[in-house]
Asker: 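Let me begin by handing over the structure; questions about it come next.
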Amino acid sequence: MVIRGMNLPLIVACIVIVLALIILPLIVSYKAEKRDKNNKNEWDKIKEYGNKINYKTREKY
């Protein structure tokens, strides 16, 4: 069911653009998520620091 007046290269180009707009953000977010697993985020650093302080405080008593 091809719309009259639209040639095949135009349809293929539209499909490629739509697929790129869907797949590109998925790839970028996957790479960012993978990178975040290696690096601790700020909340994990704060939690670890708080646990270290609590451990030192408990150790004194």
Asker: Could I get the full list of side chain to side chain contact (heavy atoms under 4.5 Å, CB included) partners for Ile53, not counting sequence neighbours?
Answerer: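 For Ile53, the residues satisfying side chain to side chain contact (heavy atoms under 4.5 Å, CB included) (neighbours in sequence not counted) are Tyr49, Thr57.
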Asker: Test of understanding: with side-chain hydrogen bond (donor to acceptor under 3.5 Å, both in side chains), list the residues that count as partners of Tyr55, not counting sequence neighbours.
Answerer: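 For Tyr55, the residues satisfying side-chain hydrogen bond (donor to acceptor under 3.5 Å, both in side chains) (neighbours in sequence not counted) are Glu59.
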Asker: I need the minimum non-hydrogen distance between Ala20 and Pro25, along with the two atoms involved.
Answerer: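 That closest heavy-atom pairing would be O-CD, 4.0 Å.
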Asker: Would you say Leu19 ends up clustered with Ile11 if hydrophobic residues are merged whenever their side chains have heavy atoms under 4.5 Å apart, either directly or through other cluster members?
Answerer: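 Yes; tracing contacts between hydrophobic side chains, which count when under 4.5 Å, links both residues.
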Asker: How would you list, by chain and number, every residue that makes a side chain to side chain contact (heavy atoms under 4.5 Å, CB included) with Val18, sequence neighbours excluded?
Answerer: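 Once residues adjacent in sequence are excluded, the partners of Val18 under the side chain to side chain contact (heavy atoms under 4.5 Å, CB included) criterion are Ile22.
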Asker: Test of understanding: clusters of I, L, V, M, F, W, Y form through side-chain heavy atoms closer than 4.5 Å, transitively. Do Ile23 and Val16 belong to the same one?
Answerer: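 In one cluster with Ile23: Val16, no.
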Asker: Considering residues at least two apart in sequence or located in another chain, which fulfil the side chain to side chain contact (heavy atoms under 4.5 Å, CB included) criterion with Leu21?
Answerer: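 Leu21 satisfies side chain to side chain contact (heavy atoms under 4.5 Å, CB included) with Ile17 once adjacent residues are dropped.
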Asker: Can you list the residues that meet the side chain to side chain contact (heavy atoms under 4.5 Å, CB included) rule with Lys45, with sequence neighbours excluded?
Answerer: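 For Lys45 the side chain to side chain contact (heavy atoms under 4.5 Å, CB included) partners, ignoring immediate neighbours, are Lys40, Glu42.
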